[in-house]
Amino acid sequence: MLETPKGLRLHIGIFGRRNSGKSTLMNALIGQSVSIVSDQPGTTTDPVEKTFELAPLGPVVFIDTAGLDDEGDLGALRIEKTRQVLERVDVALVVVDAGGMTATERDLMATLRAANTPFAIVFNKSDLGEPPAEQLAQLAAEAIETVSISAATGRGIDRVKEALFRQAPESSIEDPRLVGDLIGPGDLVVLVVPIDLGAPKGRLILPQVQTMRDILDSDAVGLMVKERELAAALARMSDKPRLVVCDSQVVNKVSADTPPDIRMTTFSILMARFKGDMIGLAEGAGAISRLKPGDKVLIAEACSHHALADDIGRVKIPRWLRQYAGGNLDIEVRSGKDFPEDLSSYALIVQCGGCTVTRKQILVRQYRAAQQGVPMTNYGMAISVSQGVIERALECFPAALDAYRRGMAGSAR
Ligand SMILES: Nc1nc2c(ncn2[C@@H]2O[C@H](COP(=O)(O)OP(=O)(O)O)[C@@H](O)[C@H]2O)c(=O)[nH]1
Ligand code: SF4
Ligand SMILES: [Mg+2]
């Protein structure tokens with residue numbers, strides 16, 4: 001945490017009127033008392049900063065501020081300080097107490113909008129009463145994210161974190177490398193790409209192109225073959241390749257043709273790391289072995305136009321999962337943004353590869369599943385499990401392999 005320069009951390013400002021519960025919220029988010037809570041309005045005078053590791057965003061800085069409705073000369077000074085904080089935060093939480101929003105919050109929202117600072121409205125003190133319905137409707141119409149919580153009891157704190165992930169700029173989440181960290185300059189990487197009827201005409205698909213680009217960025221050497229030419233190509237090489245990456249469809253043949261001392265993985269596994277938290281997805285893959293007949297499984301497609309590989313999520317994966325469970329499963333498919341709030345009834349979630357959505361969107365889904373204790377994996381991992389090659393495909397990711405085994409044992413969480 002100390003290694004991240006302060007300037008690069010995501011700064012999250014907590015704003016609102018006096019006594020709305022800003023300090024209580026910050027303490028609840030951090031899980032310790034750093035900010036003084038009091039029913040005496042104006043207790044927080046100077047902005048209080050606290051660095052905190054907020055997975056999956058990494059280290060963030062929370063800034064608790066004085067109320068924006070402070071009074072008197074001193075109050076004006078505090079408001080000025082709070083306004084300065086407004087200028088340097090990347091994301092804001094606007095805390096509103098049970099009574100609902102006033103002109104102060106409206107002003108604040110206008111300021112945040114003008115500064116292009118993303119924010120969510122946090123209606124606090126839900127233990128005392130629900131937020132005014134017309135305000136909720138109005139904010140929804142303006143596409144402003146709202147969360148109703150009780151900072152004092154802790155109810156809804158996870159939803160505030162989720163809102164923060166959603167509002168955080170994409171740039172605040174660092175994209176991991178595809179293969180760059182697995183290879184060094186001069187290393188040889190073999191990419192195995194089947195060219196069958198399903199392959200798009202005259203071109204390669206994005207994961208293949210992105211992997212090739214990352215190999216070039218690493219000053220390494222990339223070589224592409226179809227699965228049928230792999231064995232001959234390997235036989236001709238005087239130096240062993242550092243890594244073999246193949247399409248999931250041919251993983252069995254490639255695994256057989258690649259000597260055990262050569263590391264091997266799939267594009268789907270590389271993409272799982274690029275487009276989500278690989279550790280969580282591997283742990284979720286382990287849970288496949290624990291499925292029982294009658295379990296409810298959610299197949300989550302991130303968009304509604306999964307044209308080519310439609311049968312993977314809707315036909316192939318459900319069929320494999322039923323085989324694993326040894327009986328029928330209650331399989332539900334959801335497309336697009338329709339990812340349920342309440343996941344508690346599912347024994348497993350299988351997310352698509354997420355090619356049309358961002359890494360952040362997948363991370364937010366994984367976060368929600370983890371909060372509710374529901375295992376979540378993705379198509380690529382599930383396919384590797386079904387083909388019996390997951391352990392080999394995860395060998396170059398030891399932490400993910402451990403997570404997979406943990407998931408099988410069910411000792412997760
Ligand atoms: N009932 C209730 N009281 C709360 C809640 N959150 C904060 N408070 C109380 O509201 C008062 C002001 O809280 P504080 O966090 O200091 O507000 P701030 O001025 O916005 O920082 C304190 O007495 C808190 O205990 C809540 O969720 N429910
Ligand atoms: S995001 Fe990509 S993988 Fe997911 S459903 Fe859409 S097309 Fe399919
Ligand atoms: Mg305070």
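In each ligand, atom 1 is the first atom listed, and ligand 1 is the first ligand listed.
Ion pairing of D69 with R18 is present here, as a side-chain N (NZ or NE/NH1/NH2) and a carboxylate O approach within less than 4.0 Å. In this structure, R406 does not pair ionically with D402, as no charged nitrogen and carboxylate oxygen lie closer than 4.0 Å. In this structure, R177 does not pair ionically with D181, as no charged nitrogen and carboxylate oxygen lie closer than 4.0 Å. Between R166 and E162 there is a salt bridge, since at least one side-chain N of the basic residue sits less than 4.0 Å from a carboxylate O of the acidic one. Contact check on R17 versus E105 returns a salt bridge, with a Lys/Arg side-chain nitrogen under 4.0 Å from an Asp/Glu carboxylate oxygen.
At least one side-chain heavy atom of M381 sits under 4.5 Å from a side-chain heavy atom of I269.
Near K22, meaning under 4.0 Å from any of its heavy atoms, are these atoms of ligand 1: 15 (O), 17 (O), 18 (P), 19 (O), 20 (O), 21 (O). Short contacts between ligand 2 and G353, defined as distances under 4.0 Å to a heavy atom of the residue, involve ligand atoms 3 (S). Atoms of ligand 1 found under 4.0 Å from any heavy atom of G21 (numbered from 1 in listed order, with element): 7 (C), 13 (O), 14 (P), 15 (O), 17 (O), 18 (P), 20 (O). Ligand 2 places these atoms under 4.0 Å from at least one heavy atom of E301: 5 (S). Atoms of ligand 1 found under 4.0 Å from any heavy atom of L128 (numbered from 1 in listed order, with element): 1 (N).
Under the 4.0 angstrom criterion for non-hydrogen atoms, G67 is not in contact with ligand 1. Heavy atoms of G16 stay at 4.0 angstrom or farther from ligand 1.
The distance criterion of under 3.5 Å between nitrogen or oxygen atoms is not met by T153 with respect to ligand 1. Geometrically, ligand 1 and S20 share a nitrogen or oxygen pair separated by less than 3.5 Å. For S23, a nitrogen or oxygen atom sits less than 3.5 Å from a nitrogen or oxygen atom of ligand 1, counting backbone and side chain alike.
By the criterion of a heavy-atom distance under 4.0 Å, the side chain of D127, and not its backbone, is placed next to ligand 1. The proximity of T24 to ligand 1, defined as any non-hydrogen pair under 4.0 Å, involves the side chain as well as the backbone. Here I149 has no heavy atoms under 4.0 Å from ligand 1, in either its backbone or its side chain.
Counting heavy atoms of neighbouring residues, nucleotides and ligands inside a 6.0 Å radius, atom CZ of R228 does not exceed 12 of them. Applying the 6.0 Å contact sphere to NZ of K292 captures no more than 12 heavy atoms from other residues, nucleotides or ligands.
Panel note: side chain E301, backbone G313; no donor-acceptor pair is recorded below 3.5 Å. E87 places no side-chain N or O within 3.5 Å of a backbone atom of Q84 that could act as its donor or acceptor partner.
At a cut-off of 2.8 Å, C355 is counted among the residues with an N, O or S atom near atom 2 (Fe) of ligand 2. At a threshold of 2.8 Å, atom 6 (Fe) of ligand 2 has no backbone or side-chain N, O or S atom of C352 nearer than that distance.
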